[in-house]
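Structure first, then comments.
Numbering of ligands and ligand atoms starts at 1, following listing order. Counting begins at 1 with the first residue of the sequence.
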Amino acid sequence: MRNSDITIVGAGPAGAVLAAGCAAAGMRVLLFDHRAPWEKPCGGMLGPGAFEEFDYFTAYPHPVYFSTALRCTGPRSNESIRPSERPFPVLSRQDLGEYLIDRAVRCGARFVSERIVRLDRGKTGWSLSTGESTYAASLVAGADGVRSMVRASVATPIPRPHRSLCCGYTVQGARPEHPLIRCEDLRGYLWLFDRGTHQSAGILSRMGDLGVTALLARLDDFLAREHPSARAVSRYAALIPSVCDPAFFDLPCAGDDWLLLGDAAVHVDPLTGEGIRYALAGARCAAGSLIDDNPRSYDESWRAAFGDLLRAKASHLARMDALAEAFGTEMYDALLYSHFAGDGA
Ligand SMILES: Cc1cc2nc3c(=O)[nH]c(=O)nc-3n(C[C@H](O)[C@H](O)[C@H](O)COP(=O)(O)OP(=O)(O)OC[C@H]3O[C@@H](n4cnc5c(N)ncnc54)[C@H](O)[C@@H]3O)c2cc1C
C-alpha cells in the first residue's frame with residue numbers, strides 16, 4: 001500500500017490546481033485520473049478577466065481564442081451583442097488539462113493515470129483501489145466531477161431537480177462572429193463558441209424537460225438553418241449541476257478527512273452552467289485550508305470567495321422556475337436572456 005498526505009480523485013481543473021498548490025507546499029500528493037488530460041465536453045469559455053485572476057495563466061502555452069462580445073438571442077426576436085471591456089478566453093479542455101496537470105507534476109505531485117474503482121474509509125484513514133493497486137491516504141479530495149464517487153461516500157448525490165442535461169457536438173465549418181447564446185423555448189439555452197480550430201455547439205435543458213434526441217434535434221435544426229456548412233466531428237451528452245435552492249450551498253463541502261471541490265461540490269453557476277472558474281477558485285481555497293492543516297476551514301473560504309454569488313443565482317433560478325410553472329418557458333427564457341445580455345440578475 002502506498003501512502004500520501006492527500007489523495008485527489010479527478011485531475012480536471014479543480015483537482016490539478018489543488019494538487020499543484022499542496023505539492024508546492026511540500027505535501028505528498030497523489031492525483032488520479034484515468035482520462036485526463038482530455039477534451040471534456042465543455043464550451044471552454046472563461047469569463048472576462050479569468051486569465052488575470054489566476055497568475056499561472058501568464059505562462060499558458062496553448063492557443064486561446066479571445067472574444068470581446070457575446071451575441072445573445074431570446075424570445076420575441078430579442079437580440080443583442082454584449083460587448084466586454086475585457087476579452088473573455090475560450091480554450092480547449094485538452095490543452096487546459098495538459099497545462100494544469102504538467103504544472104501539478106512540476107510542483108511535485110504524483111499523477112497516476114488510473115481510475116479509482118473503490119473507496120473505503122476506515123478508522124485510520126482511507127483506502128483507495130484502482131483494481132491494480134491499493135493506496136492509503138489520510139485525506140481524500142473529491143474533484144471527480146458531477147457524478148462524483150467521493151461525494152457519494154461522504155455526502156448526498158446531487159438531486160435530480162438540481163441538474164441539467166446537455167448535449168452537443170464538436171463542430172467544424174461554423175464560424176460565428178461572436179460566441180452565441182440562444183434562450184428560446186426551453187428551460188435552458190443553446191450555444192455556439194468558436195475555439196479557433198473548431199467550434200463547440202451545445203444545448204442544455206433542466207433535467208426531465210427534454211431528452212437527448214429532442215435536444216439534438218433542436219441543435220441540428222439551428223445548425224442547418226444558421227450554419228449549413230457546419231460538420232459535426234464528435235457528439236456527447238453530459239450532466240451539469242444547476243442548483244435551484246440557495247440552501248443547497250449550506251451543505252458542508254469538507255470534513256476532517258475529506259473535501260469536495262469543483263463540480264463534485266456543485267460549485268457551478270446555477271444559471272449558466274459555467275464551472276471552470278469556480279473549480280479554479282475553489283481549488284485555491286482548498287489548498288490554503290490543507291496547507292493550514294485545517295480542512296474544515298475550506299467551507300468558510302469558498303463561501304467567502306463565491307458562496308453569496310452562487311446562492312443569489314440559485315434564488316434567481318428558483319424564481320425563474322416558479323414563473324415557468326405559472327406562465328410557460330417564455331418568461332424563463334426572457335430572464336435568462338437578460339442575464340446573458342447583461343441587463344438581468
Ligand atoms: C457540455 C458542457 C459545457 C460546459 N461549458 C462550460 C463553459 O463554457 N465554461 C465553464 O466555465 N464551464 C463549462 N462547463 C462546466 C465545466 O466543464 C465544469 O464545471 C468544470 O470542468 C469542473 O471542473 P472539475 O475539475 O470540477 O471537474 P471535471 O472537469 O469534470 O473533471 C473531473 C475529472 O475527474 C475524473 N474522474 C471521474 N471519476 C473518476 C474516478 N473514479 N477516478 C479517477 N478520475 C475520475 C474525470 O475523468 C475528469 O477528468 C460545461 C460543462 C458541460 C458538461
Side-chain angles (χ1 to χ4, degrees), residues 7-19 30-47 50 65 67 70 88-94 96-98 100-101 104 111-119 128-131 135 140-153 163-170 179 181 188-195 199-205 212 215 219 234-242 253 260-283 286 310:
T7 293
I8 304 168
V9 185
V17 168
L18 176 63
L30 278 176
L31 174 64
F32 286 92
D33 202 309
H34 52 294
R35 244 177 338 192
W38 62 300
E39 197 57 72
K40 183 192 169 186
C42 181
M45 180 184 282
L46 279 82
Y65 193 81
S67 293
L70 187 66
F88 44 92
V90 184
L91 35 75
S92 146
R93 288 297 304 264
Q94 171 89 33
L96 179 65
E98 271 175 31
L100 294 179
I101 293 170
F111 178 56
V112 184
S113 190
E114 290 177 43
R115 177 185 214 128
I116 297 298
V117 295
R118 192 179 163 145
L119 198 59
L128 297 95
S129 170
T130 63
Y135 298 81
V140 169
D144 46 344
V146 67
R147 295 177 191 271
S148 172
M149 181 186 191
V150 179
R151 183 180 184 94
S153 69
R163 287 185 276 164
S164 289
L165 174 65
C166 48
C167 44
Y169 307 110
T170 298
I181 298 286
Y189 67 93
L190 178 156
W191 75 86
L192 179 64
F193 301 159
D194 197 358
R195 305 207 297 207
Q199 297 80 46
S200 163
I203 182 165
L204 78 84
S205 159
V212 171
L215 286 172
L219 187 57
S234 63
R235 193 173 84 170
Y236 65 81
L239 294 176
I240 199 159
S242 46
C253 291
L260 300 172
L261 62 163
D263 280 12
V266 200
H267 292 163
V268 176
D269 185 316
L271 296 175
T272 66
E274 291 165 285
I276 300 172
R277 210 161 167 170
Y278 296 108
L280 301 175
L310 293 182

Which heavy atom of the protein is the closest neighbour of atom 38 (N) of ligand 1, given with residue, atom name and distance? D144 CB, 3.7 Å

Would P41 count as a polar contact of ligand 1, with the cut-off being nitrogen or oxygen pairs under 3.5 Å? no

Do S92 and E39 touch side chain to side chain, with heavy atoms closer than 4.5 Å? yes

Ligand 1 atoms in contact with A143 (distance to a heavy atom under 4.0 Å): 32 (C), 33 (C), 34 (O)

To the nearest 0.1 Å, how far is atom 28 (P) of ligand 1 from its closest protein heavy atom, and which atom is that? K40 NZ, 3.9 Å

Can you check whether I276 has an N/O within less than 3.5 Å of an N/O in ligand 1? yes

Okay, side chain of Q199, backbone of F193: is any donor-acceptor separation there less than 3.5 Å? no

Looking at A279, which atoms of ligand 1 are within less than 4.0 Å of one of its heavy atoms? 23 (O)

Non-hydrogen side-chain atoms of I276 and R93 separated by less than 4.5 Å: yes

Rounded distance [0.5 Å steps], CZ in R151 versus SG in C253: 6.5 Å

Among T130, I116, D269, closest by heavy atom to atom 41 (N) of ligand 1 is I116

Could you check whether any side-chain heavy atom of L100 comes within less than 4.5 Å of a side-chain heavy atom of P13, counting everything from C-beta outward? yes

Note, L260 side chain near V150 side chain (heavy atom, < 4.5 Å): yes

Considering non-hydrogen atoms of the protein only, which is the closest contact for atom 19 (O) of ligand 1, and what is the distance? D263 OD1, 2.6 Å

Provide the number and element of each atom of ligand 1 under 4.0 Å from a heavy atom of R35. 46 (C), 47 (O)

Identify the closest protein heavy atom to atom 8 (O) of ligand 1: which residue and atom is it, and at what distance? M45 N, 3.0 Å

State if A264 counts as touching ligand 1 under the rule of any non-hydrogen atom under 4.0 Å. no

Could an N or O of ligand 1 be found under 3.5 Å from any N or O of E274, whether backbone or side chain? no

Under a 4.0 Å heavy-atom limit, does V9 contact ligand 1 with its side chain, its backbone, both, or neither? side chain

What are the atoms of ligand 1, with element, lying closer than 4.0 Å to any heavy atom of G262? 26 (O)

Are any of the N/O atoms in M149 less than 3.5 Å from those in ligand 1? no

D33 versus ligand 1: do any nitrogen or oxygen atoms come within less than 3.5 Å of each other? yes

Tell me the contacting part of C42 for ligand 1: side chain, backbone, both, or neither, using a 4.0 Å heavy-atom threshold, strictly below. both

Would you give the length of the straight line joining atom CG of D269 to atom CG of L310, rounded to the nearest 0.5 angstrom? 7.0 Å

Is there a nitrogen or oxygen of P13 sitting under 3.5 Å from a nitrogen or oxygen of ligand 1? yes

Is the backbone N or O of C166 less than 3.5 Å from a side-chain atom of Y236, with the two atoms forming a donor-acceptor pair by type? no

Go through it in stages, so that I can follow the logic: the residues are M45 and L70, the test is side-chain contact (heavy atoms from CB on, under 4.5 Å), and I'd like the CA-CA distance, side-chain angles, deciding distance and then a yes or no. CA-CA 11 Å; M45 180 184 282; L70 187 66; 4.2 Å; yes

Can you tell me if W191 contacts ligand 1 (heavy atom of the residue under 4.0 Å from the ligand)? yes

So is R93 touching ligand 1 or not, going by heavy atoms under 4.0 Å? yes

Identify the closest protein heavy atom to atom 39 (C) of ligand 1: which residue and atom is it, and at what distance? H34 CE1, 3.8 Å

For the atom pair CG (L215) and CD1 (I203), what is the distance rounded to the nearest 0.5 Å? 5.0 Å

Nearest atoms (heavy-atom pairs only) where R195 meets G43: NH1-O, 3.0 Å

Any side-chain heavy atom of L165 within less than 4.5 Å of one from L204? no

Looking only at non-hydrogen atoms, which of L165, I240, T272 approaches atom 51 (C) of ligand 1 most closely? I240

Distance, nearest 0.5 Å, that separates CZ of R115 from CG of L128: 14.0 Å

What part of Y236, side chain, backbone, both or neither, has a heavy atom within less than 4.0 angstrom of ligand 1? side chain

among protein heavy atoms, the one nearest atom 25 (O) of ligand 1 is A14 N, 3.0 Å

Please confirm whether G44 approaches ligand 1 to less than 4.0 Å, judged on its heavy atoms. yes

Quick one: does W191's side chain get under 4.5 Å of P179's, heavy atoms only? no

Those atoms of ligand 1 less than 4.0 Å from some heavy atom in F32: 43 (C), 44 (N)

Closest to atom 34 (O) of ligand 1 among protein heavy atoms sits G10 CA, 3.3 Å

Supply the atom-to-atom distance L190 CG to S205 OG, rounded to the nearest 0.5 angstrom. 11.5 Å

Any S148 side-chain heavy atom under 4.5 Å of D263 side chain: no

Close side-chain approach of M149 and V9, heavy atoms under 4.5 Å: no

Short list, please: which atoms of ligand 1 are under 4.0 Å from a heavy atom of G273? 12 (N), 13 (C), 14 (N), 15 (C)

Nearest protein heavy atom with distance in Å, relative to atom 5 (N) of ligand 1: G43 N, 2.8 Å

Working to the nearest 0.5 Å, report the span between NE2 of H34 and OG1 of T130. 12.0 Å

Per-atom contacts of ligand 1 with W38, taking only distances under 4.0 Å to non-hydrogen atoms: 48 (C), 49 (O)

Looking only at distance, does A238 have an N or O less than 3.5 Å from an N or O of ligand 1? no

